Amino acid sequence: MEDTCCINSPLGITKITGNRNGVVSITVLNSPEKVSPIIPESLEDCVLQLNEYFQGDRQDFSLTLQPQGTVFQQRVWKLLQTIPYGKTVSYLELSKQLGDAKALRAVANANGKNPLWIVVPCHRVIGSDGSLTGYAGGLHRKQWLLEHESPYTQERLF
């Protein structure tokens, strides 16, 4: 049986699912959902670490993760976790690291199916030309996350 809770984040209501074996999913919702009045014990550490991340006090997560996906998706998600905080890589770079530069679409597809928002940092993957390409949570959230992690502070120009 899985526990679920919803918390506030700067980017909207965040739904967390998991159990004593680990976190199964973290998603940002586009629909209104009530914030959970009580956080299940199995998800308390995840909620704490996400809040620390949003406050700028955490760059790395130390959670037990249990995402559900194919073997290839699992490989991609594992590789995403090696992208350092404040850095980005292209889909092509990821494909090459997996050993097949032609696997670009498969890598992008696996990236888009990442069930662990922020903790498995798919937002750090960009187009080869530096563009903010596809993001299941919306490009405005991807931009916010990259700016949040940027070592450079700058006034918004637009």
Side-chain angles (χ1 to χ4, degrees), residues 1-89 91 94 107-127 131-158:
M1 182 166 161
E2 291 183 349
D3 295 322
T4 301
C5 70
C6 291
I7 63 169
N8 271 319
S9 83
L11 296 172
I13 300 295
T14 301
K15 182 177 181 180
I16 305 166
T17 305
N19 54 45
R20 59 185 168 83
N21 296 322
V23 181
V24 174
S25 71
I26 302 169
T27 54
V28 62
L29 304 176
N30 290 318
S31 59
E33 190 80 30
K34 290 190 176 182
V35 172
S36 303
I38 298 171
I39 306 299
E41 186 178 338
S42 64
L43 303 178
E44 285 177 349
D45 197 33
C46 182
V47 169
L48 173 73
Q49 290 188 38
L50 282 171
N51 285 331
E52 289 172 345
Y53 169 84
F54 284 118
Q55 293 165 5
D57 297 330
R58 175 175 291 277
Q59 295 184 358
D60 298 303
F61 294 91
S62 58
L63 298 167
T64 302
L65 306 177
Q66 297 291 326
Q68 306 299 306
T70 66
V71 171
F72 181 77
Q73 288 170 335
Q74 299 277 351
R75 283 183 60 213
V76 172
W77 300 337
K78 213 30 127 195
L79 189 55
L80 291 174
Q81 292 176 70
T82 67
I83 305 169
Y85 182 94
K87 302 288 183 194
T88 57
V89 300
Y91 290 100
L94 281 180
V107 168
N109 190 27
N111 199 50
K113 292 190 177 350
N114 169 23
L116 291 159
W117 184 57
I118 296 175
V119 174
V120 174
C122 57
H123 61 276
R124 296 179 188 153
V125 184
I126 60 173
S131 63
L132 298 185
T133 57
Y135 188 65
L139 290 181
H140 67 288
R141 289 188 177 113
K142 184 172 188 164
Q143 182 174 351
W144 188 96
L145 290 166
L146 292 174
E147 288 175 358
H148 176 70
E149 294 182 1
S150 174
Y152 309 105
T153 54
Q154 173 180 323
E155 283 187 41
R156 255 193 120 96
L157 301 175
F158 306 102

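As a basis for the values below, the full set of heavy atoms in this structure was taken, side chains included, without hydrogen atoms, waters or symmetry mates. None of the values given here were measured: they were computed from a predicted structure.
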#### Entry: Lys15 side chain reached by Trp117 side chain, heavy atoms, under 4.5 Å
no
### Message
Checking the side chain of Lys142 only, and the main-chain atoms of Val125 only, is there a donor and an acceptor separated by less than 3.5 Å?
### Response
yes
### Query
With sequence neighbours excluded, what pairs up with Arg75 under the salt bridge (charged side-chain N to carboxylate O under 4.0 Å, His left out) test?
none
### Query
Listed by chain and number, what are the side-chain hydrogen bond (donor to acceptor under 3.5 Å, both in side chains) partners of Asn30, not counting sequence neighbours?
Arg141
### Query
Which residues pass the side-chain contact (heavy atoms from CB on, under 4.5 Å) test with Thr82, sequence neighbours left out?
Leu79
#### Entry: Backbone N/O of Gln73 and side chain of Thr70: donor-acceptor pair under 3.5 Å
yes
## Note on the structure
Applying side-chain contact (heavy atoms from CB on, under 4.5 Å) to Pro10 and not counting sequence neighbours gives Phe54, Trp144
### Query
Taking only residues two or more places apart in sequence, or in another chain, which ones meet Thr88 in a side-chain hydrogen bond (donor to acceptor under 3.5 Å, both in side chains)?
none
### Message
For Trp77 versus Val120, what's the shortest heavy-atom pair and its separation?
### Response
O-CG1, 3.5 Å
### Query
Which pair of non-hydrogen atoms, one from Val119 and one from Leu50, has the smallest distance, and what is that distance?
CG2-CD2, 4.3 Å
### Query
Going through the checks in order, is the side-chain contact (heavy atoms from CB on, under 4.5 Å) test met by Val76 and Asn109?
CA-CA 10 Å; Val76 172; Asn109 190 27; over 6 Å; no
### Query
Distance-only, no hydrogens or angles: does the Asn111 side chain make a donor-acceptor pair with backbone N or O of Val107 under 3.5 Å?
no
### Close side-chain approach of Phe61 to Gln81, heavy-atom, < 4.5 Å
no
### Message
Nearest 0.5 Å, please: how far is CD1 in Ile7 from SG in Cys46?
### Response
7.0 Å
### Task
Look up atom OG in Ser36 and atom CG in Leu43, then write down how far apart they are to the nearest 0.5 Å.
9.0 Å
#### Entry: Residues forming a side-chain contact (heavy atoms from CB on, under 4.5 Å) with Asn8, sequence neighbours excluded
Ile13, Val35
### Task
With sequence neighbours excluded, tell me which residues meet salt bridge (charged side-chain N to carboxylate O under 4.0 Å, His left out) with Arg124.
Glu149
### Task
Locate the shortest heavy-atom distance separating Thr4 from Pro40; write the atom from each residue and the value.
O-CG, 3.8 Å
### Query
Quick check: does any side chain N or O of Gln59 sit under 3.5 Å from a backbone N or O of Asp57, one acting as donor and the other as acceptor?
no
### Pairs flagged by salt bridge (charged side-chain N to carboxylate O under 4.0 Å, His left out) wherever residues 39-54 is involved - sequence neighbours left out
Glu52-Arg58
### Query
Can you find a pair of side-chain heavy atoms, one from Ile39 and one from Ile16, that are under 4.5 Å apart?
no
Pairs under 3.5 angstrom only: tabulate donor-acceptor contacts from the side chains of residues 20-27 to other protein residues two or more places apart or in another chain.
{"from": "Ser25", "atom 1": "OG", "to": "Thr17", "atom 2": "OG1", "distance (Å)": "3.4"}

### Task
For Tyr91, enumerate each residue passing the ring pair (Phe, Tyr, Trp, His ring centres under 6.0 Å) test, keeping only those at least two apart in sequence or located in another chain.
none
### Message
Give me the atom names and distance for the closest heavy-atom approach of Leu80 to Pro121.
### Response
O-CG, 3.3 Å
### Task
List in chain and number order the residues that pass salt bridge (charged side-chain N to carboxylate O under 4.0 Å, His left out) with Glu2, two or more places apart in sequence or in another chain; answer none if no residue qualifies.
none
#### Entry: Nearest non-hydrogen partners of Thr133 and Ile126, listed with the distance
OG1-C, 4.1 Å
### Query
What's the shortest heavy-atom distance between Pro67 and Pro115, and which atoms?
CB-CG, 3.6 Å
### Summary
Across all chains, not counting sequence neighbours, the side-chain hydrogen bond (donor to acceptor under 3.5 Å, both in side chains) partners of Ser62 are Gln49
### Query
Is any side-chain heavy atom of His123 less than 4.5 Å from a side-chain heavy atom of Leu146?
yes
